[in-house]
Amino acid sequence: MAKNKSKAPKNSSQHPMEDFLRMDRMPHIWCPGCGLGTNLTAFTEAIKKAGIDFDKVAVVSGIGCTARVAGYVKVDSYHTTHGRAIPFATGIKLANRDLTTVVISGDGDLFAIGGNHLIHAARRNIDLTVICVNNFIYGMTGGQTAPTTPLKAYSSTAPFKNYEPPFNLVSLVTSSGATYVARWTSLHIRRMTDSIVEAVNNKGFSFIEIVSPCPTVFARKNKKGSGLDLLDHFGKRSVIDHSANPNDIPMDLENPIVCGVFVNKPKPSFWENVQTGIHGEVKKHRDYEKSLSQE
Amino acid sequence: MASHAKPAGSGTKRIKGKIIILEDRCKGCDFCVEHCPRDVLGISTQFNEKGYHPPEVINEENCTFCGLCERICPDFAIYITTEEEVEEVKPEVKKVYANRNKNLPIVKSTMKGEFFMQGDIACAEGAIAAGCRFFGGYPITPASEIAERMAYRLPMLDGVFIQFEDEIASMASIIGASFAGMKSFTATSGPGISLMTENIGLGMMMEAPCVVVNVQRGSPSTGLPTSWGQSDMMQAKWGSHGDYGSISLCPKSPQEIFDLTIRAFNLAEKYRLPVFIMTDAIVGHMTEKVVIPPVEEIEIFDRKYTNKSTDKYLPYEIGKSMIPDFAKAGDGYRYHTTGLTHDERGYPDMTEQCQKSVVTRLVEKITKNIDDIMMIEEIDIEGADVIVVCYGITARTVIPAIEKAKKKGIKVGYMRLITVWPFPEQRIKELSRKCAGFVVPELNLGQIALEVERCAFPDARTKGVTHAGGGIHDFNDIVKAIEEVAHGKK
């Protein structure tokens, strides 16, 4: 813990985040009032708080606004193809099990084009932490309907309102077998940070949904005001209930946003299962293989 | 982040601190002003250089240095310091890793000797001999045997086998494993390659060393799952969108699958790209003698790891070789890489110049090293009137045809492309000046024949002998084509 503990510099022109960000890429591309910078702060804070060496962290992302996180955080970072961050991260994690591998991506990337990878990684219980920033819309491409867009919300591809019911992310991930599931909004900075600490320490598939304001497209299309207004709106609507059943807390435009840690039940990860299961079996076959190679 | 000072008053000691606002970073979202629990901040009437109103401290005495403003700021524009922390010494961030770029330990393959072995199994054994310890795949006929063999072999070698939900994930995972320092590969057939092409492009752009085996079947679409073809040859070159150099190896026997799989890994490591092995269902399912030499006799090439310190390393810096040095995840280099067009730091760069330099290099690292990569087998080429250009399984069906044509008095040469890509343009051009023409038998409706025709001088005739797949050529058709080309000139 002490290792990464923050150090406020003597020279006051340096922000304490600077050692953990690629300052040569600042300012970032996110719009004024977007929650992504806050979420990124929470993530780096959490890595510091968890006492993990930044050299041993790999961040993988897909495509979209959130996926640009990988480009700003100063760790081994991989900005991959749309929806494929989870299998890419699976490859990294299994090839070097010492790395804390975190996928940070958006709702469209993880649940639309990448939905299949997500549910299967949860089912296998790969030791990954997936942070899904849910802004209810495709931000980077200009505000099209996402699998999380609430019923009767407007988007660029739903000019007469959206009539597809959205996914309840925490419910989907819980039923797929994730061993740590939480939901927060960008306003729950400290709880979100603590939650990320728990998630990266969990040896299994961990999932955190962060409800985050998109001022430029979601708020504009839906007359929600500025990013600040949307954040306040989330603040007023959110309630914390750790005991809530993930199936009963869908996201919509009106009802409370139920936040909390809904699942925290560690189970052996994919690799632990493979190792313990295969160990004895392999010995038998190894002997057989040896007999093959002896002439 | 500053430590959280206790609130003022009520007997607790107040901690002194400072609020520092980096005004020019602010984008005016007002998150800090609105959410400060003690109304310390207000909105300034001044503009910053971006044209936003940054926050200003209006009630400094109320501040408890809780750090909420620092945490909620999306633009890293405000932070607090407290006195205790100012005294802390900043740890040295830049480190030098002398010997950390070593490969993960590799347990040597135990198999050696002569075997009666199926082509697909020979492929798996070749990969293991080359040092591959990661396989991510999805079942598909006729490539499943490779996955099955890897599932059996890798656990004994402390390797990783994982069967994914689809080929898209398989390809993504092997690129990830490659960046974590493991040699990795996947095996599939036409429909799987179509799914993989997205991430094959990613592998080309990120320059991830890995191997993709395509056991070709009759195509398009699901085509002939249990039967064969050679109709993915152009896909191996042009499959993913954009320009990139491709290396594709075409084995004709299980022994050659074994040998070329090792070579594919060596080329992938040397030139940093996904390398294709373009075999087909006949060769893949054929069982023949395969000799596996002792490990010491197998030549293995490993990617060049950087010897630079962490602060000097640039992931896409090019030396003389056009191939950037590699650093694996977890070694402290903390670099960024992306599928976007990127500069030598790995950062996105959307300029025309950068696009030109990246794409040109991706193509030229192969074309300029063609002499090192290209492998051709030639028999009776000198003085030949007709040259039969073949690859893969077709190289075996042409043998009786060439013999028959020779008996008829035609001088026939045999040219087998072991690497179809990069294509031996110069060699074809050279030969086309001396011969009457080329005959190109292949199990598709003329893919490589077009390539031969493109490279040959117009005087030399190119005749493709096409076959849609699912069977092999009647060798009389090839003889007929040889005769046509030979007599066309005379």
Side-chain angles (χ1 to χ4, degrees), chain A residues 6-10 12 15-17 19 21-22 25-27 30 32-38 41-42 45 48 54-56 58 70-71 74-81 84 87-92 94-96 98-99 116-117 120 189 227-228 231-232 278 282 285-286 289-290 292-293 295, chain B residues 1-2 18 20 22 25 27-31 34 52 68 71-76 79 81 85-86 88 90-91 93 110-113 134 136 155-156 160 162 164-166 168-169 172-177 179-182 184 198-199 202 329-330 332-340 347-348:
Chain A
S6 161
K7 55 265 164 203
K10 276 176 189 159
S12 63
H15 192 281
M17 291 279 286
D19 284 342
L21 295 175
R22 300 185 190 278
R25 294 204 62 199
M26 294 294 156
W30 299 314
C34 173
L36 279 164
T38 311
T41 308
E45 270 303 308
K48 278 192 256 178
F54 275 70
D55 286 355
K56 296 289 173 196
K74 199 173 173 186
V75 295
D76 286 317
S77 54
Y78 303 91
H79 181 217
T80 67
T81 37
R84 318 304 172 208
F88 192 103
T90 305
I92 291 188
L94 294 180
N96 185 351
D98 296 340
L99 294 175
N116 200 28
H117 307 309
H120 283 280
I189 313 160
L228 183 63
L231 200 62
D232 288 346
I278 280 178
V282 162
H285 290 286
R286 206 191 284 263
E289 283 287 324
K290 268 185 194 157
L292 269 186
S293 63
E295 285 159 58
Chain B
M1 173 63 62
K18 238 173 159 181
I20 293 154
L22 305 170
R25 280 193 197 163
K27 289 182 185 168
C29 70
D30 299 344
F31 284 8
E34 185 69 22
Y52 295 110
L68 189 78
R71 288 195 179 193
I72 205 167
C73 175
D75 293 283
F76 322 112
Y79 66 99
T81 56
E85 287 208 336
V86 172
E88 276 183 41
K90 193 182 161 197
V93 177
T110 53
M111 287 192 79
K112 65 167 188 238
F134 188 101
M156 297 181 220
V160 180
I162 178 165
F164 275 97
E165 55 276 8
D166 56 26
I168 303 170
S173 78
I174 67 165
I175 300 172
F179 273 104
M182 265 195 182
S184 56
E198 176 195 36
N199 286 321
L202 181 74
Y333 288 90
R334 288 162 65 169
Y335 68 89
H336 180 61
T337 178
T338 169
L340 292 165
Y347 293 175

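All of these numbers come straight from a predicted model, not from anything done at the bench. Numbered from 1 within each chain, the chains take letters A, B, ... in sequence-line order.
In this structure, A:T38 contributes its side chain and B:I72 its backbone to a donor-acceptor pair below 3.5 Å. No donor-acceptor pair under 3.5 Å is formed between the side chain of A:K74 and the backbone N or O of B:Y335. Checked by atom type and distance alone, the side chain of A:D76 pairs as donor or acceptor with a backbone atom of B:G330 at under 3.5 Å.
Note: B:I168 leads B:L340, B:L68, B:I174, B:I168 in heavy-atom pairs under 4.5 Å with chain A. When each of B:G28, B:P348, B:C73, B:A329 is checked for heavy-atom pairs under 4.5 Å with chain A, B:A329 comes out on top. With chain A as partner, the option from B:E198, B:K27, B:E165 having the largest number of non-hydrogen pairs under 4.5 angstrom is B:E165. When A:S77, A:G227, A:A89, A:P32 are compared by the number of non-hydrogen pairs under 4.5 Å with chain B, A:S77 comes out ahead.
Atom CD1 of residue A:I189 and atom CZ of residue B:F31 lie 9.5 Å apart, to the nearest 0.5 angstrom. The CG atom of A:L228 sits 6.0 Å away from atom CG of B:D30, with the distance rounded to the nearest 0.5 Å. With values rounded to the nearest 0.5 angstrom, B:L202 atom CG is found 11.0 Å from A:R84 atom CZ. Here the CD atom belonging to A:E45 is positioned 4.5 Å from the CZ atom belonging to B:R71, to the nearest 0.5 angstrom.
Here the shortest heavy-atom pairing between B:I162 and A:T90 reads CD1-CG2, 4.0 Å. Across all non-hydrogen atoms, the minimal contact from B:A180 to A:I92 is CB-O, 3.8 Å. Closest approach of A:R22 to B:H336, counting heavy atoms only: NH2-N, 3.3 Å. Heavy-atom minimum distance, B:F76 versus A:H15: O-CD2, 3.2 Å.
For A:D98, no part sits under 4.5 Å from any heavy atom of chain B, backbone or side chain. Interface remark: B:F164 contributes backbone and side-chain atoms alike to the contact with chain A (heavy atom separation under 4.5 Å). In this structure, chain B has a heavy atom under 4.5 Å from the side chain of A:I278, while its backbone stays farther away. The parts of A:A70 that come within reach of chain B are both its backbone and its side chain, each placing non-hydrogen atoms under 4.5 angstrom from that chain. Contact of A:L99 with chain B is made through the side chain alone, with heavy-atom distances under 4.5 Å.
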Given A:Y78 and B:I175, is the side chain to side chain contact (heavy atoms under 4.5 Å, CB included) satisfied, shown in steps?
CA-CA 11 Å; A:Y78 303 91; B:I175 300 172; over 6 Å; no
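B:Y347 carries A:R25 over the face of its six-membered ring, with the cationic atom under 6.0 Å from the centre and within 45° of the normal.
Using a 4.5 Å cut-off on side-chain heavy atoms (C-beta onward), A:D55 and B:Y333 make no contact.
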